[in-house]
2 protein chains.
Amino acid sequence: MSAGHTAVTTVGAAADEPVISCETPQDECGVRDVLDRLGDKWSVYVVVELASGVLRFKELQRRIHGGISQRMLTLTVRRLERDGLVKRTVYPTIPPQVEYELTEMGHSLTHLVKALADWSIAHRPAITAARASYDETQDVSAP
Amino acid sequence: MSAGHTAVTTVGAAADEPVISCETPQDECGVRDVLDRLGDKWSVYVVVELASGVLRFKELQRRIHGGISQRMLTLTVRRLERDGLVKRTVYPTIPPQVEYELTEMGHSLTHLVKALADWSIAHRPAITAARASYDETQDVSAP
DNA sequence: CAGGATCCCCGAAGATACTG
DNA sequence: CAGTATCTTCGGGGATCCTG
């Protein structure tokens, strides 16, 4: 990597100690799988809300701030159900009642989401500062 | 598979014991922040590749399978740089040489990505099975 | 109440061409 | 080599209407 150039030295983190050992590039270590699932706009919200208990469709929709449409909630929850992360229970009553809850696998994902949240909260100040610094460097003020 | 849950510290799958304590719904516990950063199509790949060391633009592009365009790589890497996750070093040579590497914060994110990868790899069979089961239930074979 | 069916919009992402 | 600029496409996602 460093071809004898005037390297600006490292940041302190050892680059020769790969945390991620990607043996199967074709599958991106499987990261893509999870990200495709959590990467969409709403899945994570649904998981977060469902993490605290069973919810019905409307209630779930109500709790998700930002206002998810019925369509997107349906699509999102269906995909999660298909992947075995959410369990959908239909009570053949009138009016119909459908309850959603995380499966065990879904709950295990919850820990990851929490890890992400923790990381985000911990580094938000640093990120904000980095952005400010970057934007300042770019100096957009000049017309 | 009912009691198979490994309760690390205080986390549990009980509905009355929220793993995710969302005190600030406005910020979605900050999860959205990370996801917006990792949720896009390429960021995670860049992080993964840079996790193993310093890379130049072209080499980085070459390693990312699926074929990222120069444009997207530029945009992705720029955002990561702005957020302080990636450090960009420009050597004023001819031809120009630019090296990218993760910052310490970027490396810390790497651990999260690895956790996601591990989770994905561990649960992939279950997910695949769940999908097969779901699709079978839906029975699309009937015309 | 839960959700299927439709229409439409906008932004993410690709392709291509040009430059320092 | 490492971008920037421009045009275009594609599909995620919103709004709305309708039904069991």
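Basis for what follows: all heavy atoms, side chains included, without hydrogens, waters or symmetry-related copies. Within every chain, numbering begins at 1; the chains are lettered A, B, ... in the order of the sequence lines, protein sequences first and strands thereafter.
When side chains are defined from C-beta on, B/T128 does not count as touching B/R131, because their heavy atoms never get closer than 4.5 Å.
Atoms CD (A/Q70) and C1' (D/dT19) sit 14 Å apart, rounded to a whole Å. Protein atom CG of A/L35 is 17 Å distant from nucleotide atom P of C/dA12, rounded to whole Å. Nucleotide C/dG3 holds its C1' atom 13 Å from the CD atom of A/E81, rounded to whole Å. The CG-P distance, from B/L75 to C/dG14, rounds to 10 Å in whole Å. Summarising the geometry, the separation between CG on A/L73 and C1' on D/dG13 is reported as 13 Å, rounded to the nearest angstrom. Taking atom CD on A/E59 and atom P on C/dA2, their separation rounds to 10 Å, with Å as the unit. As rounded to whole Å, 15 Å separates atom P of C/dG3 from atom CE of A/M72. Computed from coordinates, the A/D40 CG to C/dG11 C1' distance equals 16 Å when rounded to whole Å.
With D/dC1, C/dG3, C/dA13 as the choices, the nucleotide that has an atom nearest any side-chain atom of B/P96 turns out to be D/dC1. Set against C/dG14, D/dG13, D/dG3, the side chain of B/R88 has D/dG3 as its closest nucleotide. Relative to the side chain of A/K58, the nucleotides C/dG14, C/dA13, C/dC1 differ in distance, and C/dC1 lies closest. Checking C/dC1, C/dG4, D/dC1 against every side-chain atom of B/P95, the shortest atom distance belongs to D/dC1. Between C/dG4, D/dG14, C/dA13, one nucleotide has an atom nearer to the side chain of A/R78 than all others, and that is C/dG4. With distances taken from any side-chain atom of B/R56 to the nucleotides C/dA13, C/dG14, D/dA2, the minimum falls on D/dA2.
Within 4.0 Å (heavy atoms only), B/R71 reaches at least one base atom of the nucleic acid.
Residue whose closest nucleotide on DNA chain D sits further toward the 5' end, between B/R62 and B/T74: B/R62.
A sub-4.0 Å separation between OP1 or OP2 of C/dG3 and a side-chain N or O of A/Y100 is present. Between B/K41 and C/dA13 there is no side-chain polar atom (N or O) within less than 4.0 angstrom of OP1 or OP2.
Taking 4.0 Å as the cut-off between side-chain N and carboxylate O, A/R56 and A/E99 do not count as a salt-bridged pair. At a threshold of 4.0 Å, the pair A/R79-A/D83 does not count as salt-bridged, since none of the basic side-chain nitrogens sits closer than that to a carboxylate oxygen. The pair B/E59-B/R62 meets the salt-bridge criterion, with a side-chain N (NZ, NE, NH1 or NH2) lying under 4.0 Å from an Asp/Glu carboxylate O.
Between A/W42 and A/Y45, the ring planes are tilted. Angles from 30° to 60° get that label.
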